[in-house]
**Q** 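The structure that follows is given in the form of structure tokens.
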Amino acid sequence: MPRELELCPGRRIGGDHPCFIIAEIGQNHQGDLDIAKRMIRMAKECGADCAKFQKSELEYKFNKKALERPYASKHSWGKTYGEHKRHLEFSHDQYRELKKYAEEVGIFFTASGMDEMAVEFLHELDVPFFKVGSGDTNNFPYLEKTAKKGRPMVISSRMQLMNTMHQVHQIVKPINPNFCFLQCTSAYTLQPEDVNLRVISAYQSAFPDIPIGYSGHETGIAISVAAVALGAKVVERHVTLDKTWKGSDHQASLEPNELAELVKAIRTVEKAMGSPIKQLLPCEMACNEKLGKSVVAKVTIPEGTILTLDMLTVKVGEPKGFAPEAIFDLVGQKVKRTIEEDETITEQAVENHVKKVKC
């Protein structure tokens with residue numbers, strides 16, 4: 001069983017704990033603080049565990065030329081990429097306001113630290129855990145510094161190789177054992193054939209000491225629900241209030257009704273996973289009483305007869321008698337009284353019958 005960890009105060013992941021569902025608001029707030037608050041409340045009302053944003057200190061994440069690059073996309077909020085990103089970036093005070101609002105609403109709040117200075121701020125903000133975006137998964141100095149902060153870490157893995165993920169594990173584990181990996185693929189929107197859910201199983205085998213989760217950019221909820229059935233202990237999905245809004249992430253995001261449906265489906269699947277022990281359940285008893293079959297006499301069997309297989313058959317009988325799996329055990333047994341053709345064979349009719357104990 002993968003190890004457990006406390007991702008947020010009082011909220012553990014891994015083992016038999018419920019899947020931790022992250023509503024990735026990212027920058028789908030359009031740079032509007034009121035929209036961001038509406039999205040936090042929406043995430044809570046839909047049943048998500050955490051509302052997550054993306055925090056950058058732009059001069060530390062991008063070099064000057066990247067910020068000055070013309071950005072003529074239909075999704076642009078400025079003439080240059082820097083203007084675009086500045087429009088979408090909340091200040092430190094705004095982040096403090098959002099975290100306070102999330103606390104009032106009753107949902108965990110965190111953000112991806114998109115550069116080392118952003119991580120410093122989020123540490124000061126006292127977020128419960130750090131989300132490491134895939135762009136920094138192979139940024140080993142960043143990983144070391146983030147791990148040394150001592151907070152749990154959720155590490156995405158899109159655009160990475162398995163060998164890289166082994167290196168990440170080797171770097172982070174000695175410093176901070178409280179982390180998990182998320183399988184994800186960097187495409188918006190993500191096509192089913194590029195999801196590769198089997199990587200979840202590969203991660204579980206390669207890294208049995210940490211929980212494994214899934215971050216999805218596909219449309220709909222079916223794939224994310226399947227990830228939970230495969231053992232994902234964290235699920236992250238982008239969310240939006242309106243898929244038609246400006247922004248490259250909105251189309252691959254879940255609207256409120258979809259997020260609520262996802263949460264409900266995940267909780268249903270978790271219940272359905274149940275126990276690995278195969279047994280007759282209380283809920284099956286009525287059906288078993290009505291339709292469960294018994295061993296019956298194929299012919300009239302006189303008192304004192306030694307039973308042979310050709311004397312026996314299996315039918316839905318009244319009353320209930322020996323279960324079908326006992327038919328071979330009855331061969332060679334002696335009957336204490338005459339059993340009529342088509343009569344159920346019961347324990348009272350068989351001499352010294354001892355049930356074989358199932359292991």
Side-chain angles (χ1 to χ4, degrees), residues 2-27 29 36-37 39-57 90 92-134 136-137 142-157 168 172-173 175-182 184 209-215 232-239 259 263 266:
R3 74 177 296 274
E4 302 175 11
L5 64 92
E6 187 175 56
L7 190 62
C8 297
R11 182 62 162 88
R12 300 184 69 80
I13 64 168
D16 293 325
H17 296 286
C19 177
F20 188 83
I21 302 172
I22 300 173
E24 164 69 300
I25 295 170
Q27 295 190 324
H29 49 68
K37 289 181 178 179
M39 296 184 77
I40 290 172
R41 180 170 290 278
M42 176 271 288
K44 170 64 177 179
E45 291 175 349
C46 290
D49 295 290
C50 179
K52 191 183 82 65
F53 289 77
Q54 296 175 4
K55 183 70 185 95
S56 299
E57 302 294 342
F90 288 137
H92 289 190
D93 284 343
Q94 287 174 315
Y95 261 89
R96 293 185 184 98
E97 185 175 343
L98 290 173
K99 182 172 184 286
K100 181 180 178 183
Y101 183 77
E103 289 168 354
E104 292 170 357
V105 168
I107 189 170
F108 293 116
F109 175 94
T110 195
S112 298
M114 308 300 280
D115 54 80
E116 291 180 13
M117 291 305 295
V119 171
E120 292 294 335
F121 167 67
L122 293 172
H123 186 55
E124 174 198 324
L125 191 63
D126 197 27
V127 296
F129 67 92
F130 293 127
K131 169 68 192 299
V132 178
S134 296
D136 285 304
T137 301
Y142 168 101
L143 284 178
E144 284 188 342
K145 291 178 181 178
T146 302
K148 286 176 181 177
K149 300 294 183 187
R151 298 182 187 275
M153 300 167 66
V154 174
I155 304 174
S156 285
S157 64
V168 171
V172 175
K173 190 65 188 289
I175 305 170
N176 183 351
N178 295 316
F179 67 100
C180 67
F181 287 163
L182 304 186
C184 51
D209 55 342
I210 63 172
I212 303 300
Y214 173 73
S215 178
K233 300 302 181 182
V234 176
V235 165
E236 177 188 63
R237 288 296 302 271
H238 285 259
V239 297
L259 177 60
V263 174
I266 285 174

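Note: hydrogens, waters and symmetry copies are ignored here, and every other heavy atom, side chains too, is used.
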**Q** With H17, which of K233, E6, E4 fulfils side-chain hydrogen bond (donor to acceptor under 3.5 Å, both in side chains)?
**A** E4
**Q** Just to verify, which of V172, L143, V154 counts as forming a side-chain contact (heavy atoms from CB on, under 4.5 Å) with V132?
**A** L143
**Q** Which atom names give the shortest non-hydrogen contact between V235 and A232, and what distance separates them?
**A** CG2-CB, 4.4 Å
**Q** So how far is it from L98 CG to I40 CD1, rounded to the nearest 0.5 Å?
**A** 4.5 Å
**Q** Starting from the C-alpha separation in whole Å, work towards a yes-or-no answer on side-chain contact (heavy atoms from CB on, under 4.5 Å) for N176 and K148.
**A** CA-CA 7 Å; N176 183 351; K148 286 176 181 177; over 6 Å; no
**Q** How many angstroms lie between atom OG of S134 and atom CG of L182, to the nearest 0.5 angstrom?
**A** 8.0 Å
**Q** Please name the pair of heavy atoms, one in R151 and one in P128, separated by the smallest distance, quoted to 0.1 Å.
**A** CB-O, 4.3 Å
**Q** Report yes if some heavy atom in the side chain of I13 is under 4.5 Å from a heavy atom in the side chain of L5; otherwise report no.
**A** yes
**Q** For G133, does its backbone N or O pair with a side-chain atom of S156 as donor and acceptor, under 3.5 Å?
**A** no
**Q** Which pair of non-hydrogen atoms, one from D115 and one from D136, has the smallest distance, and what is that distance?
**A** N-OD2, 4.4 Å
**Q** Using a strict cut-off of less than 4.0 Å between a Lys/Arg side-chain nitrogen and an Asp/Glu carboxylate oxygen, indicate whether R41 and E104 qualify as a salt bridge.
**A** no
**Q** Under 4.5 Å between any side-chain heavy atoms of C50 and F129, yes or no?
**A** yes
**Q** When you compare the side chain of F181 with that of T137, does any pair of heavy atoms fall below 4.5 Å?
**A** no
**Q** Checking H92 against E57: is there a side-chain donor and acceptor pair closer than 3.5 Å?
**A** yes
**Q** When you look at V119 and K145, which way does the side-chain contact (heavy atoms from CB on, under 4.5 Å) test go after all the steps?
**A** CA-CA 9 Å; V119 171; K145 291 178 181 178; over 6 Å; no
**Q** Is there a donor-acceptor contact under 3.5 Å from the side chain of D49 to the main chain of I21?
**A** yes
**Q** Okay, side chain of K44, backbone of G106: is any donor-acceptor separation there less than 3.5 Å?
**A** yes
**Q** Where do R3 and N178 come nearest, in terms of heavy atoms and distance?
**A** NH1-OD1, 3.4 Å
**Q** Within the 4.5 Å heavy-atom criterion, are S112 and K52 side-chain neighbours or not?
**A** yes
**Q** Contact between T146 and M153 at the side-chain level, heavy atoms closer than 4.5 Å - yes or no?
**A** yes
**Q** Which heavy atom of F53 sits nearest to which heavy atom of G26, and what is that distance?
**A** CD2-O, 3.7 Å
**Q** Before accepting this row, confirm whether a basic side-chain N of the pair K37/E97 lies closer than 4.0 Å to the acidic partner's carboxylate O.
**A** yes
**Q** Is the ring centre of F130 less than 6.0 Å from the ring centre of F179?
**A** no
**Q** Mind running side-chain contact (heavy atoms from CB on, under 4.5 Å) on L259 and R237 for me, showing each step along the way?
**A** CA-CA 8 Å; L259 177 60; R237 288 296 302 271; 5.6 Å; no
**Q** So, K131 and E24, do they make that salt bridge, N to O below 4.0 Å?
**A** no
**Q** Calculate, to the nearest 0.5 Å, the distance between atoms CD and CE belonging to Q54 and M114 respectively.
**A** 4.5 Å
**Q** Would you give the length of the straight line joining atom NE2 of H29 to atom CD of Q94, rounded to the nearest 0.5 angstrom?
**A** 9.0 Å
**Q** Go through K55 and E120 one step at a time and tell me if the salt bridge (charged side-chain N to carboxylate O under 4.0 Å, His left out) criterion holds.
**A** CA-CA 11 Å; K55 183 70 185 95; E120 292 294 335; over 6 Å; no
**Q** For residues G47 and V263, report the shortest heavy-atom separation together with the two atoms involved.
**A** O-CG1, 3.7 Å
**Q** What distance separates F121 CZ from S56 OG, expressed to the nearest 0.5 Å?
**A** 12.0 Å
